[in-house]
Amino acid sequence: MSAPSPHTPWPKGSPTSVAGTLRKLAVKLGILGTAGRAHAGRHMRNCFRFSRTQVAVIAANYKARKPAYRLVAAKLALAA
């Protein structure tokens with residue numbers, strides 16, 4: 001398996017959660033964020049950090065199907 005490119009940092013089948021869908025939408029919109037490193041237990045993980053305005057753009061374009069996720073989308077839009 002080859003390493004993912006920097007423009008699509010997540011595998012093809014990854015959006016199985018709200019976070020995965022938001023990441024996929026960020027790539028689709030061309031919002032890359034800032035590359036960073038995060039602690040996950042004893043391991044360092046690569047991650048992308050998004051500014052408040054980037055999160056607001058992503059949340060505004062997120063179309064939730066489940067009612068509970070629509071509430072999450074509304075909270076994300078208000079938080080940013």
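When reading the values below, keep in mind they use all heavy atoms of this one structure, side chains included, and skip hydrogens, waters and symmetry mates.
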- Task: Any side chain to side chain donor-acceptor pair (under 3.5 Å) involving residues 30-50? Give me the pairs, sequence neighbours left out, ordered by first then second residue.
- Result: R37-N46

- Message: Tell me whether L71 shares a hydrophobic cluster with L22, the cluster being built from Ile, Leu, Val, Met, Phe, Trp, Tyr side chains joined at under 4.5 Å.
- Response: no

- State, to 0.1 Å, how close F48 and L32 come at their nearest heavy-atom pair, and which atoms those are. CD2-O, 3.1 Å

- Message: List the residues meeting side-chain contact (heavy atoms from CB on, under 4.5 Å) with A19, not counting sequence neighbours, and say none if there are none.
- Response: S17, R23

- Which of T53, I31, T21 passes side chain to side chain contact (heavy atoms under 4.5 Å, CB included) with I58? It is I31

